[in-house]
Amino acid sequence: MTEQEIEAVLDRCMILFRYLQEKDVFERYYKQHLAKRLLFNKSASDAEKNMISRLKTECGCQFTTKLEGMFKDMVLSNSTMDDFRNHLQKTVNTLDGVDLSVRVLTTGCWPVHAPPVNCNIPSQALRAFECFKRFYINAHTGRQLTLQSHMGFADLHAQFYPGSAKEQPNEGASAGSSGIKKHILQVTSFQMCILMLFNRRDAWNFEVLSISALRGLDDSF
């Protein structure tokens, strides 16, 4: 969409907004969806900021304080991650191959709720987060970080092997002579926990898989 088309859409949105009687309900739902767009990098920042500016003009600064705080957190998080990556380079720390990206959210600005169940984060990802946590706490004395695993996502580099040793790749396939196909899977934190268990075993009982993804199992499984 062109800038003029976006402006026209926002103008029509504000006309509809003026007819709403329960604007606090709109603010709650808008904040929830905005949070998802920001955290999953699905937001058109300029258009979002334009919309928030219009809401601020219409309803006052108190109506948009938390929304503006969410954008501020994203900017600060980007700066913090740049500092963290510089720290990793200086200390020659590869985080076991994990490319970590953390968003530090201010309590009270974001619609953060307690997860319905606890998530057993894989050890590689958990060690990477603990490394960032130590870096952040050292840089900001007195602050606390709580991992909100249910709000995260991951890109998994997966390899799909042929069904049997005799199976040959299709003619013209780009999987290579071994027939291994490589894909990048974008999944939620809970899906990551389940998929990474298959690095340990090829098949799982559903009950055991559920327990392991939520609470973890010892090395005997």
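Because the structure is predicted, anything quoted here is derived from the model rather than measured.
- A heavy-atom distance below 4.5 Å is not found between the side chains of Ile194 and Gln191.
- Although no hydrogens or angles enter the test, the distance criterion places a donor-acceptor pair under 3.5 Å between the side chain of Thr2 and the main chain of Glu5.
- Panel note: side chain Ser79, backbone Val75; no donor-acceptor pair is recorded below 3.5 Å.
- Using a 4.0 Å cut-off between a side-chain N of Lys or Arg and a carboxylate O of Asp or Glu, Lys23 and Glu58 do not qualify as a salt bridge.
- When atom types are taken as modelled, the side chain of Asn50 and the backbone of Asp46 share no donor-acceptor pair closer than 3.5 angstrom.
- Put simply, Met74 and Tyr30 are part of the same group of oily side chains (I, L, V, M, F, W, Y) that touch within less than 4.5 Å, one to the next.
- Note: the hydrophobic cluster containing Val104 does not contain Phe129 (ILVMFWY, side chain heavy atoms under 4.5 Å, direct or indirect links).
- By the criterion of side-chain heavy atoms lying less than 4.5 angstrom apart, applied directly or through intervening Ile, Leu, Val, Met, Phe, Trp or Tyr residues, Leu88 is grouped together with Met81 in one hydrophobic cluster.
- Linking ILVMFWY residues whenever their side-chain heavy atoms come closer than 4.5 Å, directly or via other members, places Leu20 and Met51 in the same cluster.
- Counting only heavy atoms from C-beta outward, the side chains of Asp83 and Phe135 approach each other to under 4.5 Å.
- In this structure, Ser189 contributes its side chain and Ser149 its backbone to a donor-acceptor pair below 3.5 Å.
- Using a 4.5 Å heavy-atom threshold, the side chains of Phe71 and Glu48 count as touching.
- Transitive grouping of hydrophobic side chains (ILVMFWY, heavy atoms separated by less than 4.5 Å) brings Leu34 and Phe153 into a common cluster.
- At least one side-chain heavy atom of Leu55 sits less than 4.5 Å from a side-chain heavy atom of Met14.
- Using a 30° and 60° split on the angle between ring planes, Phe84 and Phe132 fall in the perpendicular class, above 60°.
- Contact annotation: the side chain of Met70 never approaches that of Lys66 to less than 4.5 Å [non-hydrogen atoms, C-beta and beyond].
- The nearest pair of heavy atoms linking Tyr19 to Ile15 is CD1-O, 3.1 Å.
- Between Asp96 and Arg127 the shortest side-chain heavy-atom distance falls below 4.5 Å.
- Here the side chains of Arg103 and Met151 are not in contact, with every heavy-atom distance at 4.5 Å or above.
- Under a 3.5 Å cut-off, the side chain of Asp73 and the backbone N or O of Thr106 do form a donor-acceptor pair.
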ask   = Could you walk me through whether Lys56 and Glu68 pass the side chain to side chain contact (heavy atoms under 4.5 Å, CB included) check?
value = CA-CA 10 Å; Lys56 185 175 183 178; Glu68 293 173 321; 3.4 Å; yes
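- The side-chain heavy atoms of Tyr161 and Asp202, taken from C-beta on, include no pair separated by under 4.5 Å.
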